[in-house]
Protein chains: 2
Amino acid sequence: MFSIGDLSRRTGVKVPTIRYYEQMGLVAAPERSDGNQRRYGRQELERLAFVRHARDLGFGVDDIRALIELSGHPDQPCGHADSIAAEQLASVREKIARLKRLETELERIATCCDGKTVGDCYVIRALSDHALCADDHA
Amino acid sequence: MFSIGDLSRRTGVKVPTIRYYEQMGLVAAPERSDGNQRRYGRQELERLAFVRHARDLGFGVDDIRALIELSGHPDQPCGHADSIAAEQLASVREKIARLKRLETELERIATCCDGKTVGDCYVIRALSDHALCADDHA
DNA sequence: GTAATTCCTCTAGTCACTAGAGCTTCAAGA
DNA sequence: TCTTGAAGCTCTAGTGACTAGAGGAATTAC
Ligand SMILES: [Zn+2]
Ligand SMILES: [Zn+2]
Ligand SMILES: [Zn+2]
Ligand SMILES: [Zn+2]
């Protein structure tokens with residue numbers, strides 16, 4: 001049996017975060033000791049590792065809840081799980097695309113200043129005038 | 001003189017967001033009509049456009065406040081403005097790097113499932129086992 | 001037995017908004 | 001001038017995924 005601190009050390013999930021996941025229904029409420037402290041077993045450790053991994057990959061809490069629910073029904077078709085993963089991939093790709101547009105503009109903004117005072121500063125000028133931007137990064 | 005709705009249409013910033021920016025000190029509290037409604041001039045429109053542009057480029061509220069404060073002192077050296085922009089560029093690049101690592105893993109996770117049921121689903125298996133990942137995306 | 005550490009619950013704060021309730025003011029047509 | 005409907009006002013609370021802290025109880029090590 002692990003205490004919540006043991007579980008935290010083994011999974012890298014902070015103690016208050018484990019309690020938060022319990023509240024959110026990502027992890028089942030475990031047994032308690034006589035003194036009302038949480039006591040976990042191997043199964044809970046694995047589930048928490050699953051949650052942690054999915055969070056690290058950027059899945060939202062609702063997606064993770066759905067994936068856990070699904071994994072409890074191994075005979076059902078897995079199309080839903082596959083589509084959650086595909087959506088997550090698409091969302092990551094969108095974020096990358098947007099950030100790359102920002103990178104292009106910021107590269108110019110951050111490296112083109114040859115002024116000495118705020119009055120000549122290219123950073124300030126560029127932020128004041130979107131027409132100087134190459135791209136519609138909005 | 002513009003009403004808050006006029007300002008919103010001209011800048012693309014939603015009305016409640018304009019009021020929020022005023023509360024946060026990004027935009028000065030404007031004059032009021034006899035009936036206590038906000039009335040803006042050309043100057044406030046420009047400042048709001050500046051704020052909007054900086055937000056679109058990902059700058060945080062504190063950075064924007066500092067940049068506005070600086071731009072009110074055109075004779076000061078602009079090193080601080082330049083470094084705020086450089087930090088923002090670095091932060092965007094870090095985010096891109098992290099998302100690209102996620103993209104690599106998610107690509108595999110989302111496309112390698114050839115199972116039919118949840119029991120065989122590669123998505124579920126991959127999320128349960130970080131050892132299948134190529135990279136340390138944590 | 002005692003002291004240090006860990007645990008408990010609960011509330012509130014983070015960031016940058018967004019939504020809604022309940023009320024007042026403004027602008028345009030009849 | 002009157003009326004109606006849009007737009008404005010303030011204030012509170014909710015979002016996502018935690019994080020911090022208060023104030024107290026349980027556990028563990030010596
Ligand atoms: Zn400069
Ligand atoms: Zn721009
Ligand atoms: Zn599958
Ligand atoms: Zn992994």
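Letters A, B, ... mirror the listed sequences (proteins, then strands); counts begin at 1.
- Using a 4.0 Å heavy-atom criterion, one finds that F59(B) contacts no nucleic acid atom at all.
- Of the candidate nucleotides dC17(C), dT25(C), dC7(C), dC17(C) has the atom lying nearest to any side-chain atom of R55(B).
- In terms of phosphate contacts, S3(B) brings no side-chain nitrogen or oxygen within less than 4.0 Å of OP1 or OP2 of dC26(C).
- In this structure, the CD atom of E22(A) is 18 Å from the P atom of dA17(D), given to the nearest Å.
- Separating the CE atom of M1(B) from the C1' atom of dA7(D) is a distance of 18 Å, rounded to the nearest angstrom.
- In this structure, CZ on R38(B) lies 14.0 Å from CG on D6(B), to the nearest 0.5 angstrom.
- In this structure, M24(A) places its CE atom 10 Å from P of dA17(D), rounding to the nearest Å.
- Between Y40(A) and V61(B), the residue whose closest nucleotide on DNA chain C is further toward the 5' end is Y40(A).
- Across dT19(D), dC8(C), dC9(D), the shortest atom-to-atom separation from the side chain of N36(A) is found for dC8(C).
- Using a 30° and 60° split on the angle between ring planes, H53(B) and H130(A) fall in the perpendicular class, above 60°.
- No engagement by R9(B) is indicated, since no non-hydrogen atom pair under 4.0 Å with the nucleic acid exists.
- Between the C1' atom of dT18(C) and the OH atom of Y21(B) lies a distance of 12 Å, rounded to the nearest Å.
- If you check dG8(D), dC7(C), dC26(C) against the side chain of S33(B), the one that comes closest is dC26(C).
- Look at E105(B) and R108(B) and you find a salt bridge, because one of the NZ, NE, NH1 or NH2 atoms lies within 4.0 Å of a carboxylate O, short of that distance.
- For the pair L26(A) CG and dG16(D) P, the interatomic distance rounds to 12 Å; values are reported in whole Å.
- Here dT12(D) presents its C1' atom at 16 Å from OH of Y20(B), a figure rounded to the nearest Å.
- Residue contacts for R19(A): at a heavy-atom cut-off of 4.0 Å it reaches a base atom on one of the strands shown.
- At whole-Å resolution of the value, CG in D62(A) and P in dT15(D) are 11 Å apart.
- Here the CG-CZ distance, from D34(A) to R39(A), works out to 9.5 Å after rounding to the nearest 0.5 Å.
- The CG atom of D34(B) sits 14 Å away from the C1' atom of dG8(D) (whole-angstrom rounding).
- Residue L7(B) holds its CG atom at 8.0 Å from CD of E44(B), rounded to the nearest 0.5 Å.
- When each of dG8(D), dT10(D), dC18(D) is scored by its nearest atom to the side-chain atoms of R38(B), the top-ranked nucleotide is dT10(D).
- Each of dC8(C), dC18(D), dT10(D) was ranked by its minimum atom distance to the side chain of R32(A); first place goes to dC8(C).
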